[in-house]
Amino acid sequence: MENQAKTALVTGGTRGIGRAIVVQLARTGYNVVFTYNSSDDLAKALCDEFNSSSEKVIGIKADAADFPSAENVISKTLEKFGRIDILVNNAGITKDTLILRMSPDDFDAVINANLKSTFNYTKLAVKAMLNLKWGRIINISSVVGITGNPGQSNYVASKAGVIGFSKSVAKEVATRNITVNVIAPGFIESDMTAKLNEKQKEAITNLIPQKKIGKPEDIAGLVKFLITEDASYITGQVICVDGGMTM
Ligand code: NAP
């Protein structure tokens, strides 16, 4: 075990919002373990940014939907850093289409990557946090998990599931110094939203009172606050970061 600095685990850390969260946490001085699905080169580049003197940021290729892989990630994190203080369940995918065209496989894939993954890592990290008598869990949902969205019934079901799941776990661990909160991003610049065409982006931007698309750093900034002692009395909450879209 190399050091006993606070340690954060972030799923889906190679791109977009997850990457911004990894960067924010590493700059704040945390050891960070992040997972990813396939982007080996991006994972290596991110680790190289922070590991010039010692290995403080580690990337592990692991499908977040797979429970045995999650067990392996948790073991490696504990082996390397001895503790897990912070968990950010961020990994997520979309497979958008209208319900009449949606295949059972597309439904399952999205539920597994977005919701089952959140169960996997929360279940395992809570155990480590109970030992520490302290913990912060932040689950990334979406504003559409609150409002619904046509063409995204699988994604919305997974993100609404994340909200209900988080509130239940927040109640289970509330007396143990462990908080569980949900961030619901609105429309944030990333590879996920880059799939939309210009017309779709313009239509969405028009629905945002601030008339601008958010940046991954807008989400990372809230993570930075939620892990502090100043946020210790906030639990079971869903906080929208959306330029006013859902007010
Ligand atoms: P993104 O740019 O597509 O990045 C997704 C990240 O998750 C990548 O690091 C990817 O790894 C990883 N990932 C995907 N499936 C995985 C799996 N099964 N196991 C492990 N890692 C996996 O996405 P994003 O836009 O930053 O979104 C991040 C989170 O915010 C998601 O939960 C998303 O639903 C949520 N969100 C995003 C927006 C938005 O506007 N962007 C809005 C609301 C909510 P690889 O690089 O290896 O593929």
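Whatever order the structure lists them in is the order used to number ligands and atoms, beginning at 1. The structure presented is a predicted model; accordingly, all values stated were derived computationally and were not measured.
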*asked:* In the structure I gave you, are the side-chain heavy atoms of Ile138 and Thr179 within less than 4.5 Å of one another anywhere?
replied: no
*Is any side-chain heavy atom of Lys95 closer than 4.5 Å to a side-chain heavy atom of Phe107?*
no
Identity and distance of the protein heavy atom lying nearest [atom]:
atom: atom 37 (C) of ligand 1; answer: Ile17 CD1, 3.6 Å
atom: atom 48 (O) of ligand 1; answer: Arg15 NH2, 2.8 Å
atom: atom 7 (O) of ligand 1; answer: Gly12 CA, 3.4 Å
atom: atom 30 (O) of ligand 1; answer: Ile140 CG2, 3.4 Å
atom: atom 44 (C) of ligand 1; answer: Ser141 O, 3.1 Å
atom: atom 24 (P) of ligand 1; answer: Ser190 OG, 3.6 Å
atom: atom 8 (C) of ligand 1; answer: Thr14 OG1, 3.5 Å
atom: atom 20 (C) of ligand 1; answer: Ala62 O, 3.3 Å

Keeping the roles fixed (side chain from [X], backbone from [Y]), state whether a donor-acceptor pair exists under 3.5 Å.
X: Asn51; Y: Lys56; value: yes
X: Asn90; Y: Val10; value: no
X: Gln237; Y: Thr235; value: yes
X: Lys211; Y: Asn206; value: yes
X: Asn112; Y: Lys116; value: no

Looking only at distance, does [X] have an N or O less than 3.5 Å from an N or O of ligand 1?
X: Ser39; answer: yes
X: Ile93; answer: no
X: Ile188; answer: yes
X: Ala64; answer: yes

_Matching residue for Ser39 among Asn37, Leu42, Asp41 - test: side chain to side chain contact (heavy atoms under 4.5 Å, CB included)_ =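 Of the listed options, the one satisfying the test is Leu42.
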*Criterion side chain to side chain contact (heavy atoms under 4.5 Å, CB included) against Asp242, the qualifying member of Asp218, Leu207, Val143*: Val143
Does ligand 1 have any atom sitting under 4.0 Å from a heavy atom of [X]?
X: Ala20; result: no
X: Thr193; result: yes
X: Tyr155; result: yes

Using a strict 4.0 Å cut-off to heavy atoms of [X], name the atoms of ligand 1 that fall inside it.
X: Ala91; answer: 7 (O), 21 (N), 22 (C), 32 (O)
X: Asn90; answer: 28 (C), 29 (C), 30 (O), 31 (C), 32 (O)
X: Asp191; answer: 2 (O)
X: Ser38; answer: 45 (P), 47 (O), 48 (O)
X: Gly13; answer: 9 (O)
X: Phe187; answer: 40 (O)
X: Lys159; answer: 31 (C), 32 (O), 33 (C), 34 (O)

Testing the 3.5 Å rule here: is there a donor-acceptor pair between the side chains of [X] and [Y]?
X: Ser166; Y: Asn139; answer: yes
X: Thr94; Y: Lys195; answer: yes
X: Asn114; Y: Ser158; answer: yes

With a heavy-atom distance limit of 4.0 Å, tell me whether [X] approaches ligand 1 through its side chain, its backbone, both, or neither.
X: Pro216; result: neither
X: Lys61; result: neither
X: Asp63; result: both

*At what distance, to the nearest 0.5 angstrom, does CD of Gln24 lie from CG of Leu222?*
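One gets 10.5 Å once the value is rounded to the nearest 0.5 Å.
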*Quick one: closest heavy-atom pair of Ile146 and Ala184, and the distance?*
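Closest heavy-atom pair between Ile146 and Ala184: CD1-CB, 4.3 Å.
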*Lys159 to Ile140 - nearest heavy-atom pair and separation*: NZ-O, 3.0 Å
*Would you mind finding which of Lys215, Lys195, Met192 brings a heavy atom closest to atom 23 (O) of ligand 1?*
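Of the listed residues, Met192 has the closest heavy atom.
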